[in-house]
Enquirer: 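Here it is, the structure in full.
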Amino acid sequence: MTGSRLTIPAPADYDLPRDVCSYGYFLLAPNHWDVETQSLFRVLDLEDGATTVRITQPDTMQQRPERKRVPGTRTTNHQKKPPRGTHLKTLRAAFDRKLSRAEQQQARAQIARMLRLDESAENLRDFHKLDPRFKKSGRGRLFRSPSLFEDVVKTVTSCNVTWPSTVHMNTRLCEVLGRKSPTGGRAFPTPDRLARTRPGTLRARCRVGYRDQRMIDLARLFRKGDIDEPWLTDPETPDDDVFAFLKTLPGIGPYAAGNIMQLLGRYSRLALDTESIRHGRALLGYTGSERQILKQLAAHYEPFGAHKFRSYWFELWDFYESKAGPSHLWQRESTAKVFTAALLKK
DNA sequence: GGTAGACCTGGACGC
DNA sequence: GCGTCCAGGTCTACC
């Protein structure tokens, strides 16, 4: 790429392959995880138009795919333990066009949100103290989108469908409504673009089904400024209030609200769905009706308090990796076929 | 507060 | 290739 390049400071424990490949959204358009180079490609929508960015972490590039250490060789950089609280890791972002100063600021903010670079070391320590199972791997950050709007729409596309349909809907939303970058990639649609789209277009061309009007209504709420993001992310705002508000949004029920809570950095709620029921039965050995299993799941994760979603999620993620191998080696197309209810039941 | 049925799409399966 | 069945969370009407 011949455009702007940015150096982005990351927390000392940051590990791009691990922290990007930590939540299913990294497999959804416009995100593209490149297994060969262990880097993240995606189109960002900035002030002057779309641009494709490639994000790398030099000290993990090319090393991660093997995951084997040759006896007698030196410890690699990313295995060294840096002092706490220092920004020793560096990410590189390369764009396919020149960015203005203002756009560089926007890009930095979007990348920081997406990669959870603001997740404090203290918060992660609290999680690992409460649930030491994930201390060794360092798991704790959950990949998300550059904007709350994209996170909310992606959540709607994950409701009442199997994973391959979610993959397809996001691909089509970008192809049909996303702005084009100089190298031809498509961004995720903006609230304004989605708000101006006809339900019939969404249904026929993006295959979103009955979600059409709900997605347009959501986009209009974002466009009008009815979604108060500072209030939703303010630590002073009680989780219960945020959860109650989210459930008033079109297309958002208890599962979706719980998922958006974690995307907002609030991990005190679970997002329980049929996948959770399967997990309860298959891995935790629970029996009984769905309602009974949901109760058992709630009790199981209760000790993890403010971090219970992460305990739930990384337990589930370990299971997926046991089926499909390390997540940083997953390909979007093949993985879409792995995560079908029928196959997981097997 | 709890429950039943409709909403859409894509995959699996049988013929 | 076609028809049928099923999975998936939210919403509405009804009790």
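Values reported hereafter were calculated over all heavy atoms of this structure, with side chains retained and with hydrogens, waters and symmetry mates removed. A, B, ... follow the sequence lines: proteins, then strands. Residue 1 opens every chain. What you see is a predicted model; the values in this text were computed from it and never measured.
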Enquirer: Is a side-chain donor-acceptor pair under 3.5 Å present for Ser39(A) with Arg54(A)?
Expert: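 The criterion, which ignores hydrogens and geometry beyond distance, is satisfied for Ser39(A) and Arg54(A).
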Enquirer: Rounded to the Å, how far apart are His279(A) NE2 and dG8(C) P?
Expert: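 Nearest whole value for this atom pair: 16 Å.
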Enquirer: With a 4.0 Å cutoff (strictly under), does any side-chain N or O of Thr274(A) reach OP1 or OP2 of dA7(C)?
Expert: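 No, outside the criterion.
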Enquirer: Testing Tyr312(A), Phe314(A), Trp313(A) for ring pair (Phe, Tyr, Trp, His ring centres under 6.0 Å) with Tyr301(A), which one passes?
Expert: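 Of all the options given, the one that passes is Tyr312(A).
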Enquirer: Just how large is the angle between the end axes of the helix from dG1(B)-dC15(C) to dC15(B)-dG1(C), five pairs per end, to 10 degrees?
Expert: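 Inter-axis angle at the ends, rounded: 30°.
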Enquirer: Report which part of the nucleic acid Arg172(A) touches: base, sugar-phosphate, or nothing (heavy-atom distance under 4.0 Å, all strands).
Expert: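 No contact at all - Arg172(A) keeps every heavy atom at 4.0 Å or more from the nucleic acid.
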Enquirer: Report the residues that fulfil ring pair (Phe, Tyr, Trp, His ring centres under 6.0 Å) with Tyr25(A), sequence neighbours left out, ordered by chain and then residue number.
Expert: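 So Tyr25(A) forms a ring pair (Phe, Tyr, Trp, His ring centres under 6.0 Å) with Tyr23(A).
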Enquirer: Over how many whole Å does the gap from Asp273(A) atom CG to dA7(C) atom P extend?
Expert: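 Going from Asp273(A) (CG) to dA7(C) (P), I get 15 Å.
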Enquirer: Could you state the NZ-P distance from Lys247(A) to dC11(C), rounded to the nearest angstrom?
Expert: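 Going from NZ in Lys247(A) over to P in dC11(C) covers 10 Å.
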Enquirer: At under 4.0 Å between heavy atoms, what does Leu272(A) touch on the DNA or RNA strands: base, sugar-phosphate, or nothing?
Expert: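 Nothing: the residue Leu272(A), judged by heavy atoms under 4.0 Å, touches no strand.
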Enquirer: Given that Asn160(A) and Ser165(A) both sit by DNA chain B, which one's nearest nucleotide is further toward the 5' end?
Expert: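 Result: Asn160(A).
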Enquirer: Indicate yes or no: does Asp48(A) engage Arg179(A) in a salt bridge with an N to O separation below 4.0 Å.
Expert: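 No salt bridge links Asp48(A) with Arg179(A).
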Enquirer: Closest approach to the side chain of Arg214(A), judged atom by atom: which nucleotide of dG8(C), dC8(B), dT10(C) is it?
Expert: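 Within the option list, the nearest is dT10(C).
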Enquirer: Rounded to whole angstroms, how far apart are CD on Glu290(A) and P on dA4(B)?
Expert: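 After rounding, the reported distance stands at 13 Å.
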Enquirer: Taking Arg186(A) for its side chain and Gly178(A) for its backbone only, find out whether a donor-acceptor pair lies under 3.5 Å.
Expert: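 At least one qualifying donor-acceptor pair exists.
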Enquirer: Distance check needed: dG9(C) P versus Trp163(A) CH2, whole Å only.
Expert: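 Those two atoms, CH2 and P, are 13 Å apart.
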Enquirer: Who pairs with His128(A) by ring pair (Phe, Tyr, Trp, His ring centres under 6.0 Å), at least two apart in sequence or on another chain?
Expert: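 With neighbours one apart ignored, the set is empty.
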Enquirer: Out of dG2(B), dG11(B), dC8(B), which has the shortest distance to the side chain of Pro164(A)?
Expert: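 Of all the options, the side chain of Pro164(A) is nearest to dG11(B).
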Enquirer: Do Leu28(A) and Tyr320(A) belong together in a cluster built from hydrophobic side chains that touch within less than 4.5 Å?
Expert: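 Yes, Leu28(A) connects to Tyr320(A) through the hydrophobic network.
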Enquirer: Nearest to the side chain of Arg207(A), heavy atoms from C-beta on, is which of dG2(B), dT9(B), dG8(C)?
Expert: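 So the nucleotide nearest the side chain must be dT9(B).
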Enquirer: Find the distance Arg203(A):CZ to dC8(B):P and express it as a whole number of Å.
Expert: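 Going from Arg203(A) (CZ) to dC8(B) (P), I get 4 Å.
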Enquirer: What class does the angle between the rings of His307(A) and Tyr267(A) fall in, given that below 30° is parallel, 30 to 60° is tilted and above 60° is perpendicular?
Expert: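 Ring orientation of His307(A) relative to Tyr267(A): parallel.
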Enquirer: Do Tyr210(A) and dG9(C) share a donor-acceptor pair, side chain to base, under 3.5 Å?
Expert: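 Answer yes: a donor N or O sits under 3.5 Å from an acceptor.
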Enquirer: Distance check needed: dC11(C) P versus Leu218(A) CG, whole Å only.
Expert: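 From Leu218(A) CG to dC11(C) P: 10 Å.
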Enquirer: Would you mind telling me which of dG10(B), dT9(B), dT3(B) lies closest to the side-chain atoms of His168(A)?
Expert: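 In terms of side-chain proximity for His168(A), the closest of dG10(B), dT9(B), dT3(B) is dG10(B).
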Enquirer: Whole angstroms only, please: what is the CG-P distance between Asp212(A) and dT10(C)?
Expert: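 Taking atom P of dT10(C) as the reference, CG of Asp212(A) is at 17 Å.
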Enquirer: Quick one: is dC11(C) close enough that its OP1 or OP2 comes under 4.0 Å of any side-chain N or O from Arg211(A)?
Expert: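 Answer is no, no contact under 4.0 Å.
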